[in-house]
Amino acid sequence: DKEDRHTELRAPRSRPHSRSRNSSVNGRLSASDFDFGRVLGEGSYSTVIQARNLNTGNEYAIKVLDKGHLKRKDKTETALAEKNTLVRLGSGHPGIVRLHSTFQDEWSLFFVLDLARNGELQSRISRMGSLSLTCSRYYSAQLVDALDYMHQKGVIHRDLKPENLLLDDKFRIKITDFGTGKILGPGADRAKTFVGTAQYVAPELLENSETSKSSDLWATGCILFQMIAGKFAFQGLSEYLTWEKIKRLDYSFPEGFDEEAKDLVQKLLVRDPTQRLGAGELGSSNDMKALRSHPFFSTVNWATLWTDPAPPLQ
Ligand code: ATP
């Protein structure tokens with residue numbers, strides 16, 4: 001019976017609330033407080049479903065993680081790490097998916113998240129081939145601004161890529177997927193363990209399994225390149241060959257690539273993590289000042305970046 005419930009919950013068009021009628025205990029939310037709608041996407045250990053809070057009418061994306069599956073794959077710690085990272089980031093930045101609440105029943109963990117109605121930036125890039133310079137500037141500026149906040153909170157993302165940049169109803173980004181995020185302890189500025197997606201992995205990770213906030217800057221360079229060029233900066237025929245290219249800094253700009261953007265990418269895709277633009281003052285309150293002042297961002301109004309309307313996506 002339990003297995004059946006798992007299957008039902010993971011299947012599209014499932015209605016967890018209709019079979020998980022645990023009423024709220026101590027005022028805590030439960031699945032019965034929500035009307036579950038369409039499945040927004042599936043992860044390796046989770047299903048994300050659009051849901052409306054029946055009491056407030058507010059809409060969310062609820063990430064449902066199957067406890068049995070997490071246990072079998074030894075991923076319970078990862079799920080808890082994701083929750084802890086999201087709690088640490090709180091509601092402090094509009095560019096980061098906010099965790100509103102969590103609850104569980106016998107079978108599942110539920111994370112109630114900001115709903116990003118317009119899906120992944122990756123599918124927009126794929127659909128359009130590449131993004132206009134205006135859009136590339138806008139989305140990379142939002143990424144830098146959100147990263148600045150995240151890094152000040154002591155969090156490294158470690159898996160930044162356009163799949164993890166979601167778009168909300170106003171076409172502003174919301175960074176998601178903190179399953180591989182890392183909270184740095186006091187005094188620590190680097191973390192061991194290998195994580196990441198081949199095309200965006202920084203060379204220090206491949207060479208000595210170390211990541212720091214600066215590894216997120218490398219990924220930012222890869223993302224900016226990809227938005228403008230419409231292809232990965234580093235892509236080999238296999239993961240191994242991709243990594244070899246990264247280690248050799250073997251990439252080239254297509255003809256016509258904007259000169260200022262090129263200069264910025266070249267200052268981010270630097271092998272020595274301490275030499276990347278914005279890395280100099282990591283950890284200080286001046287974090288990323290050098291990055292924000294780069295000529296590519298000269299037309300960006302950082303103060304109104306999250307209130308100005310997004311440029312048309314093209
Ligand atoms: P994996 O666990 O394999 O790394 P993932 O991180 O993409 O995959 P989830 O976080 O479960 O897994 O997300 C699954 C899909 O649901 C995502 O690809 C995304 O398209 C969609 N999704 C996730 N969070 C939201 C959200 N807050 N709003 C809208 N859609 C979302």
Side-chain angles (χ1 to χ4, degrees), residues 6 9-14 16 34-53 58-87 89-91 93-104 107-127 139 142 146 150 155-182 193-201 216 219 223 239 313:
H6 286 147
L9 197 60
R10 296 185 62 77
R13 272 191 283 281
S14 62
F34 293 89
D35 180 21
F36 285 77
R38 71 186 178 104
V39 172
L40 295 162
E42 301 260 355
S44 318
Y45 310 99
S46 48
T47 303
V48 179
I49 308 172
Q50 187 165 337
R52 193 170 52 86
N53 182 319
N58 293 340
E59 291 203 285
Y60 300 94
I62 300 192
K63 181 160 173 164
V64 186
L65 298 112
D66 182 312
K67 286 183 183 178
H69 191 55
L70 288 177
K71 221 177 214 167
R72 282 192 295 277
K73 301 284 181 184
D74 207 17
K75 288 289 171 186
T76 307
E77 285 300 316
T78 310
L80 294 179
E82 178 173 10
K83 175 184 162 180
N84 290 338
T85 308
L86 286 166
V87 167
L89 293 169
S91 56
H93 200 281
I96 296 172
V97 162
R98 174 178 170 194
L99 179 67
H100 292 265
S101 60
T102 60
F103 51 87
Q104 54 179 302
W107 308 281
S108 309
L109 303 177
F110 298 83
F111 294 175
V112 182
L113 300 162
D114 274 343
L115 171 63
R117 286 180 199 276
N118 283 304
E120 299 172 5
L121 186 61
Q122 176 57 52
S123 37
R124 305 284 166 164
I125 301 176
S126 305
R127 215 177 299 164
Y139 288 117
Q142 290 204 326
M150 193 191 297
V155 171
I156 324 176
H157 188 285
R158 301 200 294 184
D159 197 15
L160 286 176
K161 53 182 173 179
E163 288 93 328
N164 289 335
L165 305 180
L166 303 179
L167 298 172
D168 69 10
D169 49 350
K170 303 249 170 39
F171 285 92
R172 297 180 184 130
I173 64 160
K174 292 218 180 265
I175 303 180
T176 187
D177 196 1
F178 288 87
T180 48
K182 180 83 188 168
T193 31
F194 184 83
V195 280
T197 303
Q199 288 85 356
Y200 307 88
V201 163
D216 286 342
I223 294 169
E239 273 201 345
L313 199 48

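All ligand and atom numbering here is 1-based and tracks the order in the structure.
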| request: Given side-chain hydrogen bond (donor to acceptor under 3.5 Å, both in side chains), test Ser126 with Gln122 step by step and report yes or no. | output: CA-CA 6 Å; Ser126 305; Gln122 176 57 52; 2.9 Å; yes
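- When the shell of 6.0 Å around CG of Asp74 is examined, it contains 12 or fewer heavy atoms from other residues, nucleotides or ligands.
- With hydrogens left out, the protein atom closest to atom 21 (C) of ligand 1 is Leu40 O, 4.0 Å, a heavy atom.
- Of all non-hydrogen atoms in Ile49 and Leu40, the two that sit nearest each other are C-CD1, 4.0 Å.
- Using a 4.0 Å cut-off between heavy atoms, Asp114 contacts ligand 1 through its backbone alone, with no side-chain atom that close.
- A donor-acceptor pair under 3.5 Å links the side-chain atoms of Arg124 to the main chain of Asn118, judged by distance alone.
- Counting only distance, with no hydrogens or angles, the side chain of His157 and the backbone of Asp177 share a donor-acceptor pair below 3.5 Å.
- Considering only non-hydrogen protein atoms, atom 25 (C) of ligand 1 sits nearest to Leu166 CD1, 3.4 Å.
- Among Ala79, Ala116, Gly43, the residue whose heavy atom lies nearest to atom 5 (P) of ligand 1 is Gly43.
- With a 4.0 Å heavy-atom cut-off, ligand 1 is reached by the side chain of Lys63 but not by its N, CA, C or O.
- In terms of protein heavy-atom proximity, atom 22 (N) of ligand 1 is closest to Val48 CG1, 3.9 Å.
- In this structure, Tyr60 and Phe34 have perpendicular ring planes: the angle between them is above 60°, well past the 30° mark.
- The heavy-atom pair separating Gln142 from Arg172 by the smallest distance is OE1-CA, 3.5 Å.
- The backbone N or O of Asn58 lies less than 3.5 Å from no partner atom in the side chain of Asn53, so there is not a single donor-acceptor pair.
- The distance criterion of under 3.5 Å between nitrogen or oxygen atoms is met by Ser44 with respect to ligand 1.
- Without hydrogens or angle criteria, His69 side chain to Ser44 main chain gives a donor-acceptor distance under 3.5 Å.
- Using a distance-only test at 3.5 Å, with no hydrogens or angles considered, a donor-acceptor pair links the side chain of Asp216 to the main chain of Arg158.
- In this structure, atom 11 (O) of ligand 1 has a protein heavy-atom contact shorter than 4.0 Å.
- The side chain of Ala61, and not its backbone, has at least one atom closer than 4.0 Å to an atom of ligand 1 (non-hydrogen atoms only; side chain from C-beta on).
- Ligand 1 has an N or O atom lying under 3.5 Å from an N or O atom of Ser46, backbone or side chain.
- Residue Glu120 touches ligand 1 through its side chain alone, judged by heavy-atom distances below 4.0 Å.
- The protein heavy-atom contact nearest to atom 16 (O) of ligand 1 is Gly41 CA, 3.4 Å.
- In terms of N/O distances under 3.5 Å, ligand 1 is not approached by Thr47.
- In terms of protein heavy-atom proximity, atom 6 (O) of ligand 1 is nearest to Asp177 OD2, 3.1 Å.
- Of all atoms in ligand 1, numbered sequentially from 1 with element shown, those under 4.0 Å from a heavy atom of Glu42 are 14 (C), 15 (C).
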